[in-house]
Amino acid sequence: MHVPSNSRLLMLLGQLERMSRESMMTEAEIARQLTAKILHLIQTQDLQTTLNILYILSELLTVGGGRRVAVFVSKGGPAILLKLLISASKESPPSEELMLQLHSLLAKVGPKDRKFGVKARLTGALNVTVNLLKQNLLNSKLVLPCLQVLRVYSSNSVNAISLGKSGAVELMFKIVGPHTKKNTTLLKVALDTLGALLKSKTNARRAVDRGHVPLLLFAYQDWHRNDTRQRHMLIRKGLLASLRNITNIKCGRTAFIEADGMRVLYNTSNECLPVRTLDPLVNTSSLIMRKCFPKNRLPLPTIKSAFHYPLPHVPAGGPVAQIYSQMPGVDDVVDDSDEETEADMENDTENEEDEKDCRAGNDDIETDLSKLRPREIHSRPFEELRVYDKFFLELSEDFQVSGVPYGRTRVDPFKLGVDPPVNSTRHIHSPLLVGGIAAARRGGGGGSSAGGSDCGSEGPEEEGPLLEVPDTALLLPLHDPDLYVEMVKGTASVPRYSEVAYPDYFGHVAPTFREPLLERAYGVQRAKIFQDIERLIHPNDILDKVVYDLDIPSGPVIADDGESLKFNSQFESGNLRKAIHVRQHEYDLVLNSDINSNHYHQWFYFEVSGMRVGTDYRFNIINCEKSNSQFNYGMQVLMYSVQEAIGGKPRWVRTGEDICYYKNHFSRSSIATGGQKGKSYYTMTFTMNFSHKDDVCYFAYHYPYTYSTLKMHLSKLEDLRSPQIYWRQDVLCETLAGNSCPLLTITAMPEATTNDHLCPFKNRPVIFLSARVHPGETNASWVMKGTLEFLMGSSQLAHSLREAYIFKIVPMLNPDGVINGNHRCSLSGEDLNRQWQNPSHELHPTIYHTKSLLQYLAHIQRAPLVFCDYHGHSRKKNVFMYGCSVKETVWQSNISTSSCDLHEDLGYRTLPKILSQMASAFSMGSCSFVVERSKESTARVVVWREIGVQRSYTMESTLCGCDQGKYKGLQIGTRELEEMGAQFCLALLRLKRLTSPLGLRTQQHFLDVESDLMETLNTVCAVVLCSVASSSPTTYVMEEDEPSFQEEVDYSADSNDDDPDPDVEASNEPEDAALHLDTLSDCETANHKK
Ligand SMILES: [Zn+2]
């Protein structure tokens, strides 16, 4: 039997060889058949014949590219070779030549077979290779193919654990060592294998326990010193990769620190810096150092806000009760657990997915159809709502009795007892106190009066030249410094501020020059991170001098020798908790949590003085929370220079160089992260070179807009009233701190008081607008200012708009949050835009009463035509809207298709569509009309669902800038934001024309909207399909009010590791991982294996 089959085999091989020489593509099918036959025969031969076949196979598979290997794999070749390997290993002694040939072939075909690792484990081949290697470590001929096969085995996470148990880790450490010129190929393969093995935490622990961390560090240093011509980058990289994987576990990090790893990697990296090709080494070193940098707690006594506000009652189980039930000191525990293993950051390109968005999937989309259908439930009896009559006087007024030619103005609480002081000279003093006490002079060269407002410590009599306030009356018709100070007097703040920030006093005249998005120079982020690491390497450079601290009872400003900058944030909307002078020209800054809360820090607004000219100062805000920021994508901080203002340029400008946002070594307490352990804070760093001596400068997250500014603007807007304008300012309610929440009514006066004029007047559709529920989103106020100014304007368009609608506007839904420098919450420590379903009369008065107004309107069948709540967006560019659509939500969520035949009016798309046609900052592509579960208690969703407003929106304006339209590439300024507010008005006017029965273009327009919708849906479908295929995040996963960042996301110096923990996976069905990989496209697999 042997002879005939043998000769048949030789014949077949002969054919195959000929074919391969001719390499004829057309005969691929024949080649397949031949291979199948060979594979059958190969199993039935004696040793010599088998070897002969293997030699020929090896030759065949070496030429002809990957195509032949693929055919071989598809015909089950690897499994047969593995079987041969097992049976050969049972011979004693096994044929060395056969082993060599088999491993050489397996090394060739293994990487092309996705299930190779699983097959090898199931056949029992793992140990055959490991044992062979153990016995032949000095047999250089055999070692290489065995290592190559081992490398393929260990890329499977379950195999890695099994191989670890068999001693493969120890084996690799016998091969890996200091610099040598011999066998570098072997070393490279061993390092690859070791790196893969160490991904298993058990193996990493094993390596630490056997003391291999110092060995790896020594070897790395040795290669670094001797590989002067950079020929063995891959070996050096391999050593680092092993260190990187070992330091994913806590004992690995400890061993690294104990072996002086920080200094070793810091020094070697610095020496690598000048050679650009060594960047991967520097980046991996940086990653390891950041991971191992000892975690610290923030330099604060508690992460609870420095201010507490006693609430009328504290709901049990609510956020405030939880925070204040903690024992002192336990709220900020450093948690150095292994929960969060860090992913690779090979360089500082910016293309990784945001961790949160990755994880959440699209679970957040509402899938309960009954919750999606708008319901108009009048849950409250009308008797209860009748008290709101007084806010709708325009609906009952007959305009007969009143002698006043225009709408009555109710008592303006802001003007009670205030006599605007006449001050014709308009001189300013410092500090700028509400009481108007003069103290130090400003500028003028020299003098002992370092700038800054010193909380009134200096006497009022001090002499000095008084400086002119810039005259901006013409440029800023709504601004008046004296009126501002008066308004501040009526504003109640929790810290009882008595100072006024100069920018709010002088006003802001938008600069006329363009402010492009900042382009970050290569390597800036890395350089900043290295500077942070230097703190550990050179501890003697650290001053650690606290220069500002809200937590000390004697007052925040700490007396100083004049060597440090001075900080202050004791004014409305100010936010800075602590400033620490860390190195000569570097300051760590800590932001305050929202009042009655222990997190939500993002907004900042503070004053700096005492600077030197020509010095680069580095500022680090060290307790940022978001995993990524537009500060990584071109956004700059805002600065206001008092010297510039006095010189005639009162304005906020985008400034700061070397801006980066990255994860730092300050540990975030799980108490403030909702239970997630192992999280860190983020640093936002910027560098500033001041241009004026003795200047006082202000920095802010975005253009400030205080509550007192709003009151001043409203007062000035009221002055713009003409006999044609119906304007009323009511006090909707008082906030928790006792500040008034203004409600505006704006429309056109009726032309006459006869019934045929009054009736259409009263029947005008209502437009309901609100803004600034989130205090840190100051841009929303600037958009609102644009809307209000347009509405009060004298143009024909403004007049037509007033004639078309009755506007009800709550311009600031969260005055207390704004005043006290909160970022997101009110004094109740809660996000007011999550309270709309069930607002508390006591704790959320502004929401309670605003919702009541809307319920009142619904009751009298006058529900608004449009509801829009203005917001700001910190992670996306442009301006866009969120609306509510059952149909688009259903499409997104893949609810059974039977529900897709529901009918829905497409009217909700009209307004955003109009805006995208007329407002250059507006982007239709960023709009979403999906209802998310996490948003069910936001204004938009509740007004849509409970009040029955089809056109219920959130309008989001970027804090950063635009990447499309006329403003593409520019950062956004107040001019563009105000323009957006005005364009919103124009869009409403166009909406009126389109929705009126006489609108001739209506039909055509709706066709446009529909085709536009279809386009979007096609894109959405494509996105959904993609996301199903790749299990990548969908488009609509939200964090807070913000959808996933669709552009370049998170460079994320270190988001969570994508790879599942192999130790956990071990119990899974072995095929799972392989099958899963099969469903992925090639490029996905590549990513996975990265
Ligand atoms: Zn918001």
Side-chain angles (χ1 to χ4, degrees), residues 356 364 573 575 594 597 599-604 624-626 628-630 635 700-705 707 710 768-785 787 809-818 820-826 828-837 839 844 846-847 850-851 867-884 921-922 926-928 930-932 934-944 952-960 972 977 980-981 984 1036-1045:
K356 276 188 188 141
D364 193 31
S573 291
N575 190 321
D594 284 4
S597 155
H599 64 129
Y600 302 111
H601 5 82
Q602 192 166 336
W603 167 256
F604 57 86
C624 302
E625 292 167 292
K626 292 210 169 190
N628 200 359
S629 163
Q630 285 286 329
M635 183 164 86
Y701 179 63
H702 197 74
Y703 302 90
Y705 191 103
Y707 173 67
L710 173 72
F768 204 112
L769 306 175
S770 60
R772 213 64 194 286
V773 69
H774 293 144
E777 293 161 8
T778 54
N779 47 358
S781 280
W782 290 99
V783 176
M784 182 54 87
K785 175 174 183 264
T787 296
I809 301 174
V810 185
M812 195 172 275
L813 277 168
N814 188 358
D816 288 347
V818 169
N820 295 295
N822 280 8
H823 178 67
R824 196 156 182 95
C825 299
S826 74
S828 75
E830 292 162 297
D831 181 345
L832 288 180
N833 204 29
R834 292 294 182 279
Q835 311 302 330
W836 278 77
Q837 273 188 323
H844 324 114
T846 59
I847 305 301
T850 305
K851 186 175 175 182
F867 171 86
C868 189
D869 191 22
Y870 293 1
H871 283 252
H873 203 294
S874 69
R875 301 209 298 173
K876 290 185 78 177
K877 296 199 166 72
N878 311 314
V879 181
F880 51 94
M881 275 179 155
Y882 296 134
C884 303
F922 195 90
S926 304
C927 293
S928 162
V930 170
V931 181
E932 310 86 357
S934 62
K935 306 300 171 53
E936 65 175 6
S937 203
T938 60
R940 160 178 67 105
V941 176
V942 169
V943 172
W944 170 69
S952 176
Y953 306 104
T954 298
M955 186 161 79
E956 300 271 4
S957 302
T958 179
L959 290 155
C960 174
I972 205 146
L977 292 166
M980 189 63 230
F984 185 84
Y1036 291 98
V1037 185
M1038 311 283 167
E1039 187 196 19
E1040 291 156 12
D1041 273 359
E1042 303 171 359
S1044 62
F1045 197 57

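Keep in mind the model is a prediction, meaning the values are calculated, not measured. Note that the numbering runs from 1 along the sequence shown for the chain. As the structure lists them, so they are numbered: ligands from 1, and atoms in each ligand from 1.
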Trainee: With a 6.0 Å cut-off on the ring centroids, do Tyr882 and His871 count as close?
Mentor: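 That pair fails the under 6.0 Å test.
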Trainee: What residues form a side chain to side chain donor-acceptor pair (under 3.5 Å) with His599, not counting sequence neighbours?
Mentor: Glu625
Trainee: For the Zn ion (ligand 1), what is the closest N, O or S atom on His774?
Mentor: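 Nearest N/O/S atom: ND1.
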Trainee: Suppose we screen for ring-ring contact (aromatic ring centres under 6.0 Å, His included). Which residues come up paired with Tyr953, at least two apart in sequence or across chains?
Mentor: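 Tyr953: no ring-ring contact (aromatic ring centres under 6.0 Å, His included) contacts found.
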Trainee: Mind checking whether the Zn ion (ligand 1) has an N, O or S of His873 under 2.8 Å?
Mentor: no
Trainee: In this structure, which one of His774, Lys626, Glu777 forms a side-chain contact (heavy atoms from CB on, under 4.5 Å) with Gln602?
Mentor: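 When His774, Lys626, Glu777 are each tested with Gln602, the side-chain contact (heavy atoms from CB on, under 4.5 Å) holds only for Lys626.
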Trainee: Quick one: report the N, O or S atom of His871 that is nearest to the Zn ion (ligand 1).
Mentor: ND1
Trainee: Strictly under 2.8 Å, is any N, O or S atom of Glu777 next to the Zn ion (ligand 1)?
Mentor: yes
